[in-house]
Amino acid sequence: MVSFYDKNNVLFIPMSTHTIGGWNIEKGGFTDYAAELPSQNPKQDRIARVIQSLGADSIVISDAQGWGNPSVRAACLPEYNFTSFTPLEDDWLTSHNPEQCNLGVAFATNSPVAAQEIIDLGNRQGISTTLNLGAQGLRIAGVYLNHYSEDVRIDQARALLSYLDKDDTPTVIIGDLNTQQALRETGITEHCRSLIVKLAAAAFSAIHHPYGEHLSGLEQRKVLPILSAAGFSNTATDNRPTALFPVAPLFRVDHALVRGTSRRNYQVHPTGGASDHRPITIDIDL
């Protein structure tokens, strides 16, 4: 519980804190994207331990394969009394890899749920959960944007805003957005790293390697400014990386953006090898 005092040091507003987590768990916590999942998987235990260590009241899990199965969610989210799953329904993704047909976004919380809806992002889906917290409620939009094309991510971001702009409920967007912070908001170190990545993208493109287009898309950095222009502030105060590409921590693509409420204490957490992404958490004051 957080307490607030006026200039005379008199307590006047009691306020509670709601911690929200987000994590891309790399292939759903299984060894591959195969449609038939093993009955027991040791990676589920590692995922559960990491999630428990975050201490999040609510959490969004992206890259969740097979989590439409309640037993899978129960194994990985043992301390939550409410869990749900929304498939991506991404035709482009499944046409390139049919085994990813059960891929989606999961949500879990121990707070009272007032409403939950699917967010139509055009060629992908997200999940919107409104919690019965605070005076107006708190909406958590869990998304996993296209991993390959910034142009597609821009379309998905605009579709997300179209959904969220229907009312003024305090909202947190959290998940793997597969996009990076605008360079104008970063320091010289990030500018230098960006130049190296662009040179690497050019080299990969020259040999027609798919990393070329993928890296070029990451360096366009257009999605977050679109969300910022709509009133969403990025909770991070630096560019601490969350994703490894392919083996070194390079990119901050997992984000938490907030509108209509206050936030603090953005953190990036270790995973102990449970994923190629690091979980993030933020605290929301209600």
Listed partners of [X] passing side-chain contact (heavy atoms from CB on, under 4.5 Å), at least two apart:
X: I226; answer: I154, R158, L161
X: D168; answer: Q136
X: T179; answer: E150, R153, L177, V223, L224
X: A182; answer: R184, E185, P225

Would you say [X] and [Y] are hydrophobically clustered, going by side-chain heavy atoms of ILVMFWY under 4.5 Å?
X: Y163; Y: V152; value: no
X: L227; Y: V143; value: yes
X: L138; Y: V105; value: yes
X: V72; Y: I51; value: yes
X: I174; Y: Y144; value: yes

Is there a side-chain contact between [X] and [Y] in this structure, where contact means two heavy atoms from C-beta onward sitting under 4.5 Å apart?
X: W67; Y: I25; value: yes
X: E26; Y: T271; value: no
X: V197; Y: L250; value: no
X: N146; Y: N178; value: no
X: N102; Y: N69; value: no
X: V253; Y: T242; value: yes

Checklist entry - Can S149 and D151 be counted as having a side-chain donor-acceptor contact under 3.5 angstrom? => result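 Distance-only check fails for S149 and D151.
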
Checklist entry - Do we see a donor-acceptor contact under 3.5 Å between the side chains of D57 and N110? => result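 Judged by distance alone, the side chains do not pair up.
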
Residue pairs passing the salt bridge (Lys or Arg N to Asp or Glu O under 4.0 Å) test where at least one lies in [range], sequence neighbours excluded:
range: residues 211-225; answer: E190-R221, R193-E219, E219-R221
range: residues 134-143; answer: R139-D167
range: residues 81-92; answer: D90-R124

Nearest heavy-atom pair of [X] and [Y]: which atoms, and what distance?
X: L131; Y: F107; answer: CD2-CZ, 4.3 Å
X: S58; Y: T109; answer: OG-OG1, 2.6 Å
X: N24; Y: H277; answer: O-CB, 3.3 Å
X: T261; Y: P170; answer: CB-CB, 4.0 Å
X: Q125; Y: P87; answer: NE2-O, 3.0 Å
X: V50; Y: A274; answer: CG2-CB, 4.2 Å

Just to verify, what does [X] make a ring pair (Phe, Tyr, Trp, His ring centres under 6.0 Å) with, not counting sequence neighbours?
X: F204; answer: H209, Y211
X: H147; answer: W92
X: H18; answer: none
X: H191; answer: none

Can you tell me how far [atom2] of [Y] sits from [atom1] of [X], rounded to the nearest 0.5 angstrom?
X: L133; Y: I140; atom1: CG; atom2: CD1; value: 8.0 Å
X: I61; Y: W23; atom1: CD1; atom2: CH2; value: 6.5 Å
X: Q116; Y: T86; atom1: CD; atom2: OG1; value: 6.0 Å
X: L88; Y: I127; atom1: CG; atom2: CD1; value: 11.0 Å
X: C76; Y: Q52; atom1: SG; atom2: CD; value: 10.5 Å
X: I119; Y: S162; atom1: CD1; atom2: OG; value: 11.0 Å

Checklist entry - Yes or no on side-chain contact (heavy atoms from CB on, under 4.5 Å) for I20 and I59, after CA distance, side-chain angles and deciding distance? => result CA-CA 6 Å; I20 303 175; I59 190 166; over 6 Å; no

Checklist entry - With ILVMFWY side chains joined below 4.5 Å, transitively, what does I196's cluster contain besides itself? => result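 Under the 4.5 Å side-chain rule, I196 groups with nothing.
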
Next on the checklist: Determine whether R278 and D254 satisfy the following criterion, salt bridge (Lys or Arg N to Asp or Glu O under 4.0 Å), listing intermediate values before the conclusion.
Outcome noted: CA-CA 8 Å; R278 293 181 172 92; D254 303 274; over 6 Å; no

Checklist entry - Of L257, I284, V60, which meets side-chain contact (heavy atoms from CB on, under 4.5 Å) against V172? => result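 Single side-chain contact (heavy atoms from CB on, under 4.5 Å) partner of V172 among L257, I284, V60: I284.
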
Item to check | Main-chain N/O of S128 paired to E117 side chain as donor or acceptor, under 3.5 Å | outcome: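 Looks like no, no N/O pair under 3.5 Å.
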
Checklist entry - So Y266 and I280, side-chain contact (heavy atoms from CB on, under 4.5 Å) or not? Walk me through it. => result CA-CA 7 Å; Y266 171 88; I280 61 174; 3.7 Å; yes

